Amino acid sequence: MRIPPGSTIGILGGGQLGRMLSMAAARLGYKTHIFDPHESPCAADVAARFTRAAFDDRSKLSEFADSVDVATYEFENLPVRPLEILGVKLRPGTRSLAIAQDRAVEKQFIEDCGGRVAPWRTVDRLEDVRGAVEQLGRPLVLKTRRYGYDGKGQAWIAAEDDPEPAWLAIGEQPAVAESAVAFDAEFSVIVARWDDGRHAFWDSAENEHGSGILRRSTVPCSKAVAAQVGEARAATLRIAEALGHVGVLTVEFFASSQGPLVNEIAPRVHNSGHWTIEGAVTSQFEQHVRAICGLPPGATDLAANGAVMDNLIGEDVYGWPELVADPRAHLHIYGKGEARPGRKMGHVTRLR
Ligand code: AMP
């Protein structure tokens with residue numbers, strides 16, 4: 001199925017990822033239609049159409065489905081059942097969403113695909129958390145099964161800690177308990193996959209986090225990470241194939257002494273791939289459009305010797321006068337309202 005330029009791509013979610021997808025789609029002559037419950041999501045500023053409705057509003061979703069030629073999503077915390085209205089127009093499909101939005105289902109799926117994860121248990125009550133501490137030891141991190149992102153919905157149980165405060169901190173919700181990984185580095189594998197199985201990887205970025213939020217992505221990665229990329233790519237491809245995924249898929253890894261351990265899957269374009277806008281021949285956003293529209297793959301080679309992408313989080317964005325005065329800095333400001341702490345407001349990429 002080839003969806004030609006001039007067609008309309010529906011995007012569920014109107015954040016910065018939807019905004020950058022819309023901009024890439026527009027460059028290839030597509031129109032985009034954003035579906036989001038917020039009043040003025042930043043993607044709507046650069047899209048042809050915007051529907052403001054809840055993600056489970058079936059009648060609005062049905063109108064949206066009729067108005068688009070293909071639909072995609074830019075974040076994974078969407079209710080799955082209502083999206084079934086979109087049928088085969090939805091790329092990637094609901095399977096990728098359903099698996100990626102529940103940490104326990106996701107970890108089991110990764111293991112079933114032959115990927116490795118840190119030792120983990122599901123926990124539904126405090127006794128389960130105590131049991132996990134006994135079996136896995138400490139430190140441990142509790143992560144809610146659903147709706148966690150950027151370190152939200154997580155609490156650590158340190159070496160000597162009683163587990164109860166962490167259990168209370170995550171709101172006593174169904175969660176996974178996961179062993180702490182003494183990682184050497186973090187990195188991501190981003191792949192675009194077509195419905196006929198063609199696929200293309202980008203160079204893996206080495207990622208630095210602070211308070212659970214991505215701060216910096218660097219390509220090329222260090223030698224220690226590069227040595228683990230082959231195994232990580234193989235696992236990523238098995239995951240993408242098992243999902244029947246069409247479009248961009250990201251898998252975040254810990255580079256550990258035991259090899260690459262999967263942290264999590266994002267069934268979408270990813271913050272650690274923003275460097276591809278200037279740093280690769282084809283960006284993750286354009287490639288996603290190409291894959292879901294059945295256009296041929298673009299090259300994913302580096303467009304320079306390397307790239308460093310820094311996120312502008314919260315008030316960092318107020319540093320824009322200095323950044324815009326740096327003639328070699330590629331500055332992206334997402335046009336979001338208030339610069340709340342922890343909110344991703346923009347990013348800046350410098351090529352090497
Ligand atoms: P997540 O939201 O699961 O991606 O976690 C955010 C960040 O917290 C990760 O990128 C790591 O830096 C850190 N983190 C998460 N899980 C673990 C773990 N099991 N061991 C060590 N660090 C972790």
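Each residue takes its place number in the sequence, starting with 1. Just so we're clear, the structure is a prediction, and the values are computed from it rather than from any experiment. Keep in mind that the numbers below use all heavy atoms, side chains included, and drop hydrogens, waters and symmetry copies. First listed ligand is number 1; within each ligand, the first listed atom is number 1.
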**Message:** Using the ring centroid of each side chain, check whether F55 and Y73 are separated by less than 6.0 Å.
**Reply:** no
**Message:** With a 6.0 Å cut-off on the ring centroids, do H33 and F35 count as close?
**Reply:**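 Centroid distance H33-F35: not below 6.0 Å, so no.
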**Prompt:** Between K344, H347, K336, which is the residue that forms a side chain to side chain donor-acceptor pair (under 3.5 Å) with Q16?
**Reply:** K336
By number and element, which atoms of ligand 1 are closer than 4.0 Å to a non-hydrogen atom of [X]?
X    : answer
V141 : 19 (N)
F183 : 21 (C), 22 (N)
E178 : 16 (N), 17 (C), 18 (C), 19 (N)
R103 : 2 (O), 3 (O)

Has [X] got any heavy atom lying under 4.0 angstrom from an atom of ligand 1?
X    : value
K152 : no
W156 : yes
S179 : yes

**Asked** With a cut-off of 6.0 Å (strictly less than), are more than 12 heavy atoms of other residues, nucleotides or ligands near CD of E315?
**Response**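 Incorrect, the count does not exceed 12.
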**Prompt:** Are more than 12 heavy atoms from other residues, nucleotides or ligands located less than 6.0 Å from atom NE2 of H38?
**Reply:** no
**Request:** Any chance you could measure T32, atom OG1, to L21, atom CG, to the nearest 0.5 Å?
**Result:** 8.5 Å
**Point-to-point distance, once rounded to the nearest 0.5 Å, from CD of Q101 to OG1 of T94** =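 That separation rounds to 9.5 Å.
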Which residue and non-hydrogen atom of the protein lie closest to [atom], and at what distance in Å?
atom                    : value
atom 5 (O) of ligand 1  : Q154 NE2, 3.4 Å
atom 17 (C) of ligand 1 : F254 CZ, 3.5 Å
atom 6 (C) of ligand 1  : G212 O, 3.8 Å

**Message:** Side chain, backbone, both or neither: which applies to N263 and ligand 1 if a contact is any heavy-atom pair less than 4.0 Å apart?
**Reply:** side chain
**Item:** R145, K143, R103 screened by salt bridge (charged side-chain N to carboxylate O under 4.0 Å, His left out) with E264, the one that passes
**Value:** R103
**Prompt:** So does R81 pair up with E84, basic N to acidic O under 4.0 Å?
**Reply:** yes
**Request:** Have a look at I213, V181, L140 and point out the one with the heavy atom closest to atom 20 (N) of ligand 1.
**Result:** V181
**Asked** Where the closest heavy atom to atom 11 (C) of ligand 1 is concerned, which of E186, H209, K143, E264 has it?
**Response** E186
**Asked** Heavy atoms of the protein only: does one fall short of 4.0 Å from atom 13 (C) of ligand 1?
**Response** no
